[in-house]
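These notes are about the structure you will find just below.
Sequence positions, counted from 1, serve as the residue numbers for this chain. First listed ligand is number 1; within each ligand, the first listed atom is number 1.
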Amino acid sequence: MSHIGLGKIILLGEHAVVYGYPALAAALDRGVRIGAVPTPAGGTLRVDIPSWNVKLTAEDDHPLALALGAIADKLGIGRPPVTLVGEAQIPPGAGLGASAAFGVAIARALIDYRDRRAAAAGVVVAAPQLTEVIAAANASEELIHGRASGVDVALAATGGIGVFRKAGGLRPIHIPALRVIVGPSGAQRSTAAMVERVAEATTTAGADDPRLRELGSLADSGTRALLAKDFAGLGAAMDRAHALLGELGVSTPLLDGLCEAARRVGAFGAKLTGAGGGGAVIAIAPRDKEDAVLAAWRTAKVDGFVTKVGG
Ligand code: MEV
C-alpha cells in the first residue's frame, strides 16, 4: 500500500504568506508516493527514493534524513526496521512543493505502519487524522525551511485549491478546473535561503513592508478574479506579483525571461511560483495560446506541462 503527498503551485501570495498574509494555492495532480516495507536485515529506519537518488537512514547527515527523523519523533515511533520506498513524480528543489509532498507521504506511511502494528497487537485504532499528518509533516518542513508558513504541507495533505493563511489554515474554494502551465526552470534553489533573503529585504518594516502587503492584497483580488472567471484580471495580478517578488530579490533573469516569453505569446499572466531563486514559473493563457507558451519555453530548454487545478 502506498501513501501520497501532493505537489503544489502557489498562484499568488508566496513569501507574504510567511508574514500572515493570504496565499492562493493549489495541489498538483502528482507528488510523492511512499510505501513502508520491513527491512529484512533489520536495523534502523530507512528511505529509498530511486528517482531522486536518495538512499538514506534516519541517522544520516542529509536534509531528508533529518526530515525523516523529525517526522518519526513527532509521531513517537522511534526508528523501526522499516524501509520507506518512494516514487517521486516531481523534481526536488523545483518550487513545486516536493519536500512537503515527501513529508506528508512519509507521515502517512509511518502512521499506517504504526496503526497496523497496534491493530495486530489487539489495540483498537482510530482512523488516521489529517491533523496528525499535517503536524508531523510540518515538523520536517520547519527543520528544512526554517520559517515555513505551512502552505505547502496543507496542499500536499488536503489537495484541491484554496486560500491559505498561517492563522486559519486552508479554506478551500470551488471553481471549475483551471488550466495552469507550469515551467520547471531546472535551476535548483533553497527555500530557506529565499525566505531569509525576503527577511533581509524587509527588515525595516517587517510584516508591514508595502511589498508584502501588496502581495497579500493581490492574493485576495486574484482569488476574486478567479471566482468571477476573470482570467485577464487574475493574469494581471500574477504579473504584478512577479514584479514585487523581483523587487524582494527572489526572481532571476531566467525566471523573468520565461515570464516575459509567456506574456509575449499571449498568456493572461505569468510569475514565478514558490520560493523563487530558481525553481518554477507558472502561466495562465487562453486555451489556443497554451502550445505557444510551451514552445516559447522549450526554446529556453524548459520542458513545461499543463496541469488542471480545482474542478
Ligand atoms: C514556498 O513554497 C512558499 C514560501 O512562501 C515559504 C512558505 O510559505 O513556507 C516561499
Side-chain angles (χ1 to χ4, degrees), residues 5-28 31-32 63 67 70 90-104 134-135 137-159 161-171 180 182-185 187-202 206-207 209 211-216 218-219 222 238 241-242 244-252 255 271-282 307 309:
L6 295 167
K8 67 91 191 47
I9 49 174
I10 297 184
L11 286 152
L12 288 162
E14 54 273 270
H15 286 293
V17 68
V18 174
Y19 296 81
Y21 294 104
L24 173 63
L28 294 175
V32 177
I90 48 174
L96 299 177
S99 72
F102 169 89
V104 165
I134 289 177
N138 272 331
S140 85
E141 283 288 279
E142 274 153 27
L143 204 79
I144 297 180
H145 295 324
R147 295 173 68 176
S149 66
V151 61
D152 291 11
V153 165
L155 268 307
T158 316
I161 178 166
V163 177
F164 177 90
R165 278 178 191 269
K166 234 166 128 174
L170 186 68
R171 183 170 54 81
V180 181
V182 183
S185 75
Q188 287 208 5
R189 84 291 173 267
S190 144
T191 296
M194 292 304 114
V195 169
E196 196 44 46
R197 189 173 291 177
V198 171
E200 279 161 21
T202 56
D209 185 283
R211 295 161 297 186
L212 295 175
R213 197 181 280 283
E214 189 178 349
L215 284 167
L218 286 166
M238 290 167 66
H242 181 80
L244 289 164
L245 290 164
E247 281 180 31
L248 290 170
V250 297
S251 190
T252 66
L255 301 180
K271 62 183 277 293
L272 69 84
T273 185
V281 293
I282 53 170
T307 189
V309 302

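Seen from the ring of Y19, R213 does not count as a face-on cation partner, given the 6.0 Å and 45° thresholds.
Counting only distance, with no hydrogens or angles, the side chain of S140 and the backbone of G103 share no donor-acceptor pair below 3.5 Å. No donor-acceptor pair closer than 3.5 Å links the side chain of H15 to the backbone N or O of L245.
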Atom pairs, nitrogen or oxygen, ligand 1 to protein, under 3.5 angstrom:
from     : atom 1 : to   : atom 2 : distance (Å)
ligand 1 : 2 (O)  : K8   : NZ     : 3.1
ligand 1 : 2 (O)  : D152 : OD1    : 3.0
ligand 1 : 2 (O)  : D152 : OD2    : 3.0
ligand 1 : 5 (O)  : H15  : N      : 2.9
ligand 1 : 8 (O)  : S149 : OG     : 2.6
ligand 1 : 9 (O)  : S149 : N      : 2.8
ligand 1 : 9 (O)  : S149 : OG     : 3.4

Side-chain donor/acceptor pairs under 3.5 Å, residues 161-170, sequence neighbours excluded:
from : atom 1 : to  : atom 2 : distance (Å)
K166 : NZ     : V18 : O      : 2.8

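With respect to the salt-bridge test (charged N to carboxylate O, under 4.0 angstrom), the residues K8 and E14 do not qualify.
Taken to the nearest 0.5 Å, the NE2 atom of H242 stands 11.5 Å off from the CG atom of L215.
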